[in-house]
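Everything below concerns the one structure shown next.
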Amino acid sequence: MAIFGGGSTRPSIQRGAQVQDTSTERHAKRTASRAGLAAMPTRAAIVAVAAGPVAAAERQLLVQAAVLMLFVVVPVIVLTPWVAWRFRRRNRRSAYRPGWDFSRLLEVLIWGVPALLVALLAVRVWTQSRALDPYRAIAPGQGSSAAPLDVQVVGLDWKWLFIYPDQHIATLDTLVLPVGRAVHLHLTSDTVMESLLVPRLAGQIYAMPGMITQLWLRADRPGDFPGENTQYNGSGFARQKFVVHAVDADAFSRWVGQVRAGGGVLDARRYRQVARRGVPAAPECFGQVDADLYGRIVAKYHASSQVHVSTMASRATGRMNDAH
Amino acid sequence: MSVGSTTGKRRHPGLNLHESDAHPSDGEVMFGFWVFMMSDAVLFALLFAVYASLGVNTAGGPGPHDVFELGPAAMETLLLLLSSFTFGIASLAMKYRRGMALLQGMLALTLLLGLGFLGLEVHDFATLQGKGALPQVSAFLSAFYALVPTHFLHVSLGCVWIVVMMVQLRMSGLDRTTRTRLLRLGLFWHFLDIVWVMIFSFVFLRGML
Amino acid sequence: MDGDGGFRRELRDYVVGLVLALGLSGAAFALVAWDPWPARTTLGVVAALAVLQLVAHFRCFLHIDLKQSHRDDLQLILFTAVIIGLMVAGSLWIIFNQNQRMM
Amino acid sequence: MRIEVLAGPWLGRLSLSALPTDSPVAAGAALVAVLGALGVAGYITAKGRWGYLWREWFTSVDHKRIGIMYVVLALVMLARAVIEALVMRLQQADAINQSGFISAEHFGQLFSTHGSIMIFFMAMPFLTGVINYVMPLQIGARDVSFPVLNSISLMLTAAGAALVMISLVLAPFSTGGWSGYAPFTELRFSPGVGVDYWIWAVTLSSIGSTLTGINFAVTIYKKRAPGMHLFRMPLFCWTALCTSILMIFAMPALTVATALLALDRYLGMHFFTSGGGGNMMVYANLFWLFGHPEVYIVVLPSFGVFSELFSTFSAKKLYGYTSLVLATMTIAVLSFTVWLHHFFTMGQSAHINAAFGIATMLIGIPTGVKVYDWILTMFRGRVRFTTPLLWGLAFLVTFVIGGLSGILLAIPPVDFLVHNTTFLVAHFHNMLIPGTLFGMIAAYQFWFPKAFGFRLEERWGRVAFGCWVTGFYLAFMPLYVLGLEGMPRRSAEVFDEAFRPWLLLAAGGAVLIVLGMAALVLQLAMSIRHRDRNRVTVGDPWDGRSLEWSTSSPPPEYNFAEVPEVEGRDAFWTMKRSGRAYPALDRYAPILLPENSAIGPWLGVLGLATAFGLVWRIGWMAGLGTAGALFAVIGWSFVRRSGRTVGERQVERTETRWHAALVAAVPVSREHECDPRNRGLADVAA
Ligand code: HEO
Ligand code: HEM
Ligand SMILES: [Cu+2]
């Protein structure tokens with residue numbers, strides 16, 4: 001299994017280079033657990049296929065709307081040169097009506113047809129916006145009846161931290177998911193605004209400090225899918241990439257067990273090191289995570305209000321429980 | 001907006017005392033100022049929206065109840081409303097040529113009321129500082145200090161403008177320039193009143209509830 | 001300009017304006033000070049009084065009315081009101097909804 | 001190595017370390033900027049032209065001169081921003097699985113300056129300049145309503161542009177993009193002066209634009225010639241009016257956004273910070289309340305230009321005038337209802353997303369109406385493929401592709417997928433380049449003969465056209481593909497080998513575009529050189545339809561010796577057909593014009609000083625600048641201006657000379673439109 005290949009770092013990203021503040025980071029990394037790392041997926045050519053229902057539906061919507069639009073756009077692309085050429089000045093055979101400037105029929109058409117199309121699209125927008133609301137729970141895939149997998153996501157400069165609250169493990173810049181199981185991401189940021197995108201699995205949502213946004217997705221086939229931050233956040237931005245490894249359920253539980261056994265500890269101290277600005281030299285896994293870490297990260301931005309801290313923290317953890 | 005409002009007007013070959021191109025007509029100047037005020041109104045409206053969005057974020061600091069007081073706000077309202085009235089009389093004095101003394105006197109009175117308003121506000125701000133309600137404490141206070149002092153700044157500029165007009169009236173009397181300027185100043189002054197009504201209603205009174 | 005009559009009439013406008021303004025402001029302050037009703041009701045009434053006062057100021061101090069000569073100004077003000085309404089209502093709708101979904 | 005010099009407190013944070021000495025590319029750019037500025041200044045000094053420039057240009061309040069100065073500013077800034085675009089394209093083509101030739105930090109500054117310049121200091125000045133020049137002539141006015149205010153707006157905009165140019169030398173600029181999203185732009189994450197440069201440059205420009213909007217709107221309402229009803233105005237004036245309305249109501253949102261961001265940064269307040277109760281979503285909301293109307297501000301005037309072009313070069317009435325006017329107004333109003341589509345991915349409810357998505361799509365309807373109206377304008381016309389029209393044709397074909405991608409982005413679930421990717425970059429360049437930029441270049445080529453009395457060389461114009469259009473498709477179509485694959489915008493480096501061919505294509509396109517830019521410069525140089533061959537002094541080289549063509553080229557400073565009386569649409573075209581064009585006056589009257597004023601340039605300088613002082617925390621400079629501006633305005637209000645009279649003798653001399661040229665000119669048929677034979681008198685018999 002590729003994801004158990006251990007030791008291999010992504011060859012293509014020269015992580016850590018050119019970005020300051022990373023030397024201690026890199027050092028820490030060397031001693032950390034290396035379970036579950038794999039190379040950045042590389043492709044020979046452009047392929048835009050979805051590997052999960054959310055991305056598939058979004059892509060399908062894109063294609064449908066584009067085709068529909070072509071009905072009004074292609075005529076323009078064809079008519080413009082044709083009319084211009086047909087009525088060129090030299091072409092004395094074509095009619096010349098310098099005073100002609102109105103036709104009721106045409107008027108109805110040029111307002112009516114686009115209006116009709118927009119009406120059609122509007123219906124789709126209304127229904128699909130709701131259906132594909134990132135906060136909306138999605139069903140498990142065929143043959144999988146497991147409860148959704150919760151993952152808490154923390155956007156950092158310039159890396160992503162994923163906490164599996166029920167498995168009590170965490171990963172940095174790598175996300176391992178069981179195929180067919182619905183995944184419920186809870187996103188926040190411990191720096192500026194970021195945006196998480198895994199193009200082949202689901203569209204993006206912002207992650208913002210002190211707030212929690214949600215995103216549901218599901219991988220329907222095993223594979224390695226690139227993920228990234230798309231909201232500019234400084235000089236390491238372009239290197240803030242990670243890989244989603246979709247594996248079957250058994251492999252997933254084996255992986256969890258392996259990380260639990262071999263991964264390092266993510267406590268407050270270690271978190272502070274991880275959160276420091278920089279691009280990590282390699283992905284990393286943690287076999288043990290402070291239970292309230294995520295809640296504290298969120299609550300931190302409400303720190304000056306004592307009442308708020310506790311409610312935010314409890315809400316952040318509380319929501320996890322509600323989800324089940 | 002009225003279509004064809006210019007039809008029937010005599011066309012003007014060159015020099016024309018009332019509609020020359022060197023000086024925009026009174027209508028133009030006044031309309032231009034109206035447009036400016038509407039742009040300014042959008043600015044205030046957005047500051048209100050920001051205040052409404054951030055007003056609950058006291059971040060553990062003092063809230064509206066802790067910092068606002070009705071008395072001073074009522075006093076400030078009274079002064080500002082009276083100043084609008086005195087300015088109104090000044091406008092009438094100008095329009096019906098009731099003499100420079102009345103005009104200047106009313107302007108002076110308006111100025112005094114305006115300064116009184118500013119003085120009370122400065123006192124308010126000082127009291128707030130005393131209570132530790134600094135703009136840096138929370139988003140609520142930041143939004144408050146963005147909205148109310150912007151109005152304060154406008155009133156201050158209005159006061160400077162009144163002084164300038166009083167001097168210019170002395171220097172050149174009531175001519176076309178001073179007249180349209182006074183008209184614009186009047187619009188500005190009454191407009192600031194309206195903004196203040198919104199401030200006391202949606203900031204102070206709402207905060208005290 | 002019709003001399004004295006005009007002066008009186010317009011002066012009356014200003015006096016009416018002042019009385020209305022003082023009355024409406026006073027009512028709003030008094031309501032909050034005495035607090036006879038639940039907060040929501042009071043807030044609604046205060047808002048209504050503010051709008052009334054806005055109209056009074058426009059009418060009595062800024063001389064905006066439905067007369068032909070002021071049409072440009074009136075239309076400008078109405079258009080501004082629409083834009084401000086869109087911006088403020090839209091912003092609050094969005095921000096409150098976001099706050100609710102992200103906490 | 002940076003040279004650290006202890007800065008005295010009187011220079012605030014400014015020290016020699018601000019010089020961009022650590023990167024050869026940045027240092028080179030700074031050097032070019034300094035040498036360029038010195039070169040220009042030296043040339044003017046050597047020629048002894050400072051006095052002339054001050055008297056005739058900088059202090060001028062003539063709408064025509066102000067218009068030309070705006071366009072010059074826009075072209076200079078365009079040159080810089082296009083070069084930055086090329087550097088970015090080359091970097092992305094180079095930095096695939098390696099670092100590339102510029103640092104990530106520098107790349108951040110590049111897209112920020114490129115975007116900010118293109119929007120605030122290229123598109124805005126360009127369209128303001130064109131409207132300034134053309135609109136008063138088209139409505140038969142002698143100037144705008146507030147000529148001095150016009151000069152002040154220009155100088156404030158120029159001050160903002162100067163600040164961006166200064167940031168090239170006393171670096172760095174912001175890396176927050178043209179939208180300056182908080183909290184990245186908060187002090188905690190962007191501690192340097194970069195964001196402050198952005199804030200004050202943009203603020204100066206937005207104040208200038210607000211004043212411009214007011215000025216134009218009042219001019220159009222109040223200064224139309226007798227008979228020029230609103231519904232008889234050329235369509236360009238309508239778009240100018242709608243753009244002005246958008247400026248008046250949208251600019252305050254930007255001012256509030258940048259002002260509050262400045263309060264956060266300077267005074268430690270908490271509007272958009274991530275602690276202290278601040279809310280970054282409020283920033284996004286404010287910015288796009290402005291940002292969305294802004295994209296229509298920059299495109300509507302181009303729509304107006306194209307309307308003039310299609311009708312003029314088809315020798316035919318504009319098809320569907322009323323529906324075009326209606327469509328323009330609808331777009332203007334709708335553009336205040338869609339701003340949320342820039343942050344569909346922020347997490348608000350689906351019904352909010354859907355509502356704003358649908359509102360966004362509605363804009364497609366009036367836009368489509370316009371597109372069809374333009375095609376129908378050519379239908380049954382006699383189309384002449386002059387360079388300005390070529391830009392128009394390329395616009396039509398290209399713009400609808402951008403519109404298509406815009407509609408896709410307006411579908412929230414689709415946006416989730418391609419938001420913040422190069423798909424978005426492709427969309428907006430697909431609107432801004434054919435829409436805004438081609439429109440403005442076409443306007444420049446269309447009205448150049450009006451402003452300077454000679455035509456631009458067609459040949460170089462066509463070369464420029466070819467390069468720009470091909471370059472555009474090469475540079476931006478690949479970005480749609482990359483965006484669908486999820487390549488994020490603003491990436492200094494790329495880590496996907498499969499992207500390489502597409503990025504190479506895009507870089508090639510950018511090179512072509514730069515060549516197109518060079519062709520435009522050459523066109524200007526060659527046209528100046530051969531100006532005698534291309535003179536069209538009589539004033540009507542294109543068989544024009546609206547009043548600006550009824551004057552000499554260039555028009556006299558008073559525009560019209562006698563304000564024309566208008567009886568319908570296409571006023572000048574009708575006059576020519578009914579033999580009432582070029583009326584000979586038997587008697588001339590003196591004309592009162594506004595005098596030149598130095599208040600504009602002074603406010604520009606003081607505004608720049610204030611901004612610079614604020615950027616570098618040089619208290620005394622900012623204070624003096626502000627106080628100076630206040631006193632300058634007050635002092636200026638004490639100066640009594642009586643205006644300047646152009647005597648009837650002088651009017652008569654000017655007019656007689658023009659009429660002599662008129663009589664001497666041979667009316668030229670459209671056959672010889674681009675010949676030296678064309679002296680600006682159209683043959684109306686054909
Ligand atoms: C000149 C500038 C310009 C123009 C004219 C437009 C026009 C449009 N834009 Fe674009 N835009 C522009 C400039 C930008 N847009 C942006 C971003 C942006 C986004 C946000 C995407 C995101 O951040 O993820 C959306 C949803 C749109 C939608 C649209 C739509 C629907 C139109 C419509 O107006 C297009 C209408 C035209 C059409 C549709 C084609 C012709 C019509 C025909 C042929 C009739 C038939 C049509 C129908 C049936 C619909 N734009 C950004 C990004 C800023 C940033 O993030 O930095 C910029 C700069
Ligand atoms: C002339 C050819 C042009 C080229 C080759 C070009 C290229 C680019 C590139 C490479 C970027 C950065 C893309 C990224 O974020 O990945 C960019 C951004 C941008 N460009 Fe252009 N551009 C051109 C013209 C224009 C014009 C004419 C305008 C506006 C009128 C414009 C407005 C912008 C804006 C607003 C941005 C976004 C900046 C940001 O991210 O904040 N560009 N352009
Ligand atoms: Cu938009």
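All chains are named by letter (A, B, ...) in the order of the sequence lines, taking the proteins before the strands, and each is independently numbered beginning at 1.
For the side-chain contact (heavy atoms from CB on, under 4.5 Å) with A:Val118, the lone residue among D:Thr360, D:Ile363, D:Ile365 that qualifies is D:Ile365.
Residue D:Phe313: no heavy atom, backbone or side chain, is found under 4.5 Å from chain A. When heavy atoms are compared at a cutoff of 4.5 Å, D:Glu186 does not approach chain A at all. Heavy atoms of D:Arg188 lying under 4.5 Å from chain A belong exclusively to its side chain. The contact between D:Phe385 and chain A is made entirely by side chain atoms (from C-beta outward), counting heavy-atom distances below 4.5 Å. Both the backbone and the side chain of D:Leu404 come within less than 4.5 Å of a heavy atom in chain A. With a threshold of 4.5 angstrom between heavy atoms, D:Phe310 does not approach chain A through any atom at all. Only the side chain of D:Thr421 comes within contact range of chain A, judged by heavy atoms closer than 4.5 Å. Of the two parts of D:Val369, the backbone and the side chain both hold a non-hydrogen atom closer than 4.5 Å to a non-hydrogen atom of chain A. For chain D, the nearby parts of A:Thr80 are the backbone and the side chain; heavy atoms of each come within less than 4.5 Å. For chain A, no part of D:Thr367 is nearby; none of its heavy atoms comes within less than 4.5 Å. With a threshold of 4.5 angstrom between heavy atoms, A:Ser103 approaches chain D through its backbone and through its side chain. Proximity to chain D (any heavy atom under 4.5 Å) is restricted, for A:Glu228, to the side chain, taken from C-beta onward. If you measure heavy-atom distances from A:Thr191 to chain D, the contacts under 4.5 Å come from both the backbone and the side chain. For a residue to count as touching a neighbouring chain, one of its non-hydrogen atoms must lie under 4.5 Å from one of that chain's; by this rule A:Pro75 does not touch chain D. With a 4.5 angstrom heavy-atom cutoff, D:His106 does not touch chain A via any of its atoms. Contact annotation for A:Asn91: neither backbone nor side-chain heavy atoms come within less than 4.5 Å of a heavy atom of chain D. Residue D:Leu376 touches chain A through both its backbone and its side chain, counting heavy-atom pairs closer than 4.5 Å. Within the 4.5 angstrom heavy-atom criterion, no atom of A:Arg124 approaches chain D. For A:Ala207, no part lies near chain D; criterion is any non-hydrogen pair under 4.5 Å.
Separation of atoms CG (A:Asp133) and CG (D:Asn353) is listed at 7.5 Å; rounding is to 0.5 Å. Once rounded to the nearest 0.5 Å, the distance linking OH of A:Tyr206 with CE of D:Met346 reads 7.0 Å. If you take CG on D:Leu417 and CG on A:Leu197, they are separated by 7.0 Å, rounding to the nearest 0.5 Å. Distance check: D:Thr377 OG1 to A:Asp101 CG gives 9.0 Å after rounding to the nearest 0.5 Å. Here the straight-line distance linking atom CG of D:Asn279 with atom CE of A:Met208 works out to 8.0 Å at 0.5 Å rounding. To the nearest 0.5 Å, atom CZ of residue D:Phe416 and atom OG of residue A:Ser129 are 6.5 Å apart.
In terms of non-hydrogen atom pairs under 4.5 Å with chain A, the most contact-rich of D:Trp374, D:Phe111, D:Phe107 is D:Phe111. Put simply, of D:Ile407, D:Thr398, D:Leu389, the one with the most heavy-atom pairs under 4.5 Å next to chain A is D:Ile407. Of all the listed residues (A:Ala131, A:Ala95, A:Ser94), the one sharing the greatest number of non-hydrogen pairs under 4.5 Å with chain D is A:Ala95. Of the residues considered (D:Ser323, D:Gly368, D:Pro412), D:Ser323 shows the highest number of contacts with chain A, using heavy-atom pairs under 4.5 Å. The candidate from A:Val113, A:Val125, A:Thr213, A:Leu121 with the greatest count of non-hydrogen atom pairs under 4.5 Å with chain D is A:Val125. In terms of heavy-atom pairs under 4.5 angstrom with chain A, the leader among D:Ser274, D:Gly108, D:Gly486 is D:Ser274. The most heavy-atom pairs under 4.5 Å with chain A, out of D:Ser311, D:Ala492, D:Ser491, D:Gly381, come from D:Gly381.
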Candidate pair D:Met281 and A:Met211, rule side-chain contact (heavy atoms from CB on, under 4.5 Å), full reasoning:
CA-CA 11 Å; D:Met281 298 183 292; A:Met211 298 176 223; 3.6 Å; yes

Show your reasoning for whether salt bridge (Lys or Arg N to Asp or Glu O under 4.0 Å) applies to D:Glu485 and A:Arg200.
CA-CA 8 Å; D:Glu485 276 301 297; A:Arg200 297 187 61 194; over 6 Å; no

Take A:Phe87 and D:Arg380 through the test side-chain contact (heavy atoms from CB on, under 4.5 Å) and record every step on the way to the result.
CA-CA 6 Å; A:Phe87 293 97; D:Arg380 292 179 178 159; 4.0 Å; yes

Run A:Glu58 and D:Val414 through side-chain contact (heavy atoms from CB on, under 4.5 Å) and show every step you take.
CA-CA 5 Å; A:Glu58 287 168 350; D:Val414 174; 5.8 Å; no

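Considering every non-hydrogen atom in both A:Pro81 and D:Val397, the closest pair reads CD-CG2, 4.3 Å. Nearest heavy atoms, A:Gln128 versus D:Pro413: O-CG, 3.7 Å. Heavy atoms only, all atoms of each residue included: D:Leu408 and A:Leu62 are closest at CD2-O, 3.8 Å. The two atoms that bring A:Met193 and D:Pro183 nearest to each other are N-CD, 4.1 Å, heavy atoms only. Of all heavy-atom pairs spanning A:Ala84 and D:Leu393, the tightest one is CB-CD2, 3.9 Å. Contact record, A:Trp111 with D:Pro366: CZ3-CA, 4.4 Å, taken as the closest heavy-atom pair.
Side-chain atoms of A:Arg59 come within 3.5 Å of backbone atoms of D:Leu484 as a donor-acceptor pair (strictly under, hydrogens ignored). Between the side chain of A:Gln204 and the backbone N or O of D:His419 there is at least one donor-acceptor pair closer than 3.5 Å. Judged purely by atom type and a 3.5 angstrom limit, A:Tyr135 has no side-chain atom pairing as donor or acceptor with the backbone of D:Ala350.
The aromatic rings of D:Phe184 and A:Tyr232 lie perpendicular to each other, with more than 60° between the two planes, well past the 30° mark. Ring geometry for A:Phe102 versus D:Tyr319: interplanar angle under 30°, hence parallel rather than tilted (30 to 60°).
At a threshold of 4.5 Å between non-hydrogen side-chain atoms, the residues D:Pro488 and A:Asn229 do not count as touching. Using a 4.5 Å heavy-atom cutoff, the side chains of A:Val72 and D:Tyr372 are in contact. You'll find the side chain of A:Arg92 reaches within 4.5 Å of the side chain of D:Arg382, heavy atoms only.
Under the 4.0 Å criterion applied to side-chain N and carboxylate O atoms, D:Glu673 and A:Arg89 are not assigned as salt-bridge partners.
Within 6.0 Å of the CZ atom in A:Arg104, the count of heavy atoms belonging to other residues, nucleotides or ligands does not exceed 12.
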